[in-house]
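Some notes on the structure that comes next.
Each chain gets a letter, A, B and so on, in the order the sequences are listed, and its residues count up from 1. Here the structure is a predicted model, which means the values were calculated and not measured.
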Number of protein chains: 2
Amino acid sequence: MSSSRRPSPPDVSPAERDALRLWVVLSRAHAAIATHAAADVARHGLTLAEFGVLEALYHKGPMLLGEVQRSLLVSSGGVTYLVDRLEQRGLVRRDKCAEDRRARYAVLTDAGTAFVREVFPQHAAAVAGAMAGLSADEQRVARSLLRTLGTQAAELEAEQEREPAA
Amino acid sequence: MSSSRRPSPPDVSPAERDALRLWVVLSRAHAAIATHAAADVARHGLTLAEFGVLEALYHKGPMLLGEVQRSLLVSSGGVTYLVDRLEQRGLVRRDKCAEDRRARYAVLTDAGTAFVREVFPQHAAAVAGAMAGLSADEQRVARSLLRTLGTQAAELEAEQEREPAA
DNA sequence: GGTACAACTCTCAGCGCTGAGATTCTAGCG
DNA sequence: CGCTAGAATCTCAGCGCTGAGAGTTGTACC
């Protein structure tokens with residue numbers, strides 16, 4: 001029973017300590033950029049997820065709702081919610097899918113396309129501004145590292161789903 | 001009025017395009033790691049934010065609620081909510097602050113200290129496992145880049161708050 | 001063809017958190 | 001000393017999203 005204010009550190013290896021620090025730094029960087037990006041799209045009354053739907057549809061054309069779901073990493077209920085909101089604003093429309101009557105396409109309306117065309121460059125500039133702390137080369141390195149980090153972690157996820165209990 | 005399925009890309013510079021790609025990759029990496037970390041603490045019925053409070057108190061000792069708030073980047077209502085929950089579980093206690101009767105300390109109870117001591121190493125291992133896609137050297141580089149990215153972006157935020165209208 | 005199973009979407013209760021306002025207290029100034 | 005500005009916390013309405021379950025349609029195997 002030590003009465004010291006600072007408790008003795010539990011057994012955590014230096015490598016684990018480093019991983020935890022990276023996790024903190026990754027979280028803070030993500031939060032900082034997300035705040036910027038969210039503030040930018042909020043000027044148009046949109047959330048980041050809503051804007052993500054528009055962006056995806058703009059770049060990939062009409063998508064099944066399930067594709068949008070996997071592309072944005074949201075839940076099934078989430079896609080319904082997001083597309084509902086964008087539909088109410090007249091930016092997106094739901095179209096029937098001829099090959100599969102369970103599925104539906106999300107499609108940008110003309111107004112939606114015009115909206116993205118106008119807003120996307122501003123958003124790109126806002127994100128680039130938030131990233132300006134790193135040089136172009138540093139951004140390239142960061143992108144490469146984060147890509148492998150993300151895909152490896154996601155793969156680990158998939159493995160653990162295949163064998164839930166050890 | 002091109003009728004092409006793929007709309008012509010709006011005017012976005014290559015640098016901005018790269019920044020956007022980095023933003024996507026950063027988001028996905030964060031989401032993947034967060035999923036892992038959240039699943040780990042969920043085994044003990046905790047959220048990541050709740051665990052963050054415990055971790056902060058464990059490493060820094062008693063903290064004013066405002067310090068916890070700034071440390072975890074949550075809202076004022078968020079701290080109240082988080083500390084309420086941890087207090088209900090008997091892991092944290094609120095102590096009066098002698099110097100300032102408006103403020104209150106959040107303090108780990110004995111049970112809370114014991115809990116962190118037991119769970120923290122497991123959590124460190126889980127996070128390290130999620131980071132295993134990068135070598136130790138790569139993690140160091142990533143940490144350095146993300147640190148400057150995060151602090152620079154946060155500083156930009158602070159500047160814009162000082163002069164809200166241009 | 002029928003039957004079981006899986007895929008796609010939607011519904012809805014509820015969680016975690018935000019942010020504006022209320023409350024309580026401190027600090028500084030005349 | 002009284003007063004005002006502002007800080008620390010709490011309250012509470014409400015937002016964005018999750019995830020389990022329902023409804024519907026496609027698929028594969030008897």
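Between A/Gly77 and A/Asp100, the residue anchored nearer the 5' end of DNA chain C, judged by the nucleotide with its closest heavy atom, is A/Asp100. Position along DNA chain D of the nearest nucleotide to A/Glu99 versus A/Leu73 favours A/Leu73 as the more 5'-ward residue.
The side-chain heavy atoms of B/Val41 and B/Thr47, taken from C-beta on, include no pair separated by under 4.5 Å.
In this structure, A/Arg94 reaches the C/dC10 phosphate: one of its side-chain N or O atoms is under 4.0 Å from OP1 or OP2. For the pair A/Arg101 and C/dC8, the criterion of a side-chain N or O lying under 4.0 Å from OP1 or OP2 is not met. Regarding contacts with the backbone of D/dC17, every side-chain N or O of A/Tyr81 stays at 4.0 angstrom or more from both OP1 and OP2.
You'll find that the side chain of B/Leu65 is closest to D/dT9, out of D/dA8, C/dA7, D/dT9. Closest to the side chain of B/Arg102, from the set C/dC25, D/dG16, C/dT11, is C/dC25. Considering only side-chain atoms of A/Arg85, the nucleotide from D/dT9, D/dG16, D/dC17 that sits closest is D/dG16. Taking the side chain of B/Arg104 as heavy atoms from C-beta on, and the options C/dC10, D/dT9, C/dC17, the nearest nucleotide is D/dT9. Looking at the side chain of A/Ser75, the nearest of the listed nucleotides D/dA8, C/dC8, D/dG19 is D/dG19.
Rounding to whole angstrom units, OH of residue B/Tyr105 and P of D/dA8 are separated by 12 Å. Rounded to whole Å, atom C1' of C/dC10 lies 14 Å from atom CG of A/Leu82. Distance, A/Leu64 CG to D/dT24 P: 20 Å, rounded to whole Å. At whole-Å resolution of the value, CE in A/Met63 and C1' in C/dT9 are 16 Å apart. One atom, CZ of A/Arg70, and another, C1' of C/dT9, lie 12 Å apart when rounded to the nearest Å.
Side-chain atoms of A/Ser76 stay outside donor-acceptor range of the base of C/dC8, with no qualifying N/O pair under 3.5 Å.
Aromatic ring centroids of B/Phe51 and B/His44 lie 6.0 Å or more apart. Ring-centre distance between A/His30 and B/Trp23: below the 6.0 Å cut-off.
No path of Ile, Leu, Val, Met, Phe, Trp and Tyr side chains, each step under 4.5 Å between heavy atoms, connects A/Leu73 with A/Leu146, placing them in separate hydrophobic clusters.
Using a 4.0 Å heavy-atom criterion, one finds that B/Thr47 contacts the sugar-phosphate atoms exclusively. The residue B/Val74 sits close only to the backbone: its heavy atoms come under 4.0 Å of sugar-phosphate atoms, none of a base. Nucleic acid contact for A/Gly66: sugar-phosphate only, since backbone atoms but no base atoms lie under 4.0 Å from a heavy atom of the residue.
Counting non-hydrogen atoms of other residues, nucleotides and ligands closer than 6.0 Å to CG of B/Asp84 gives a total above 12.
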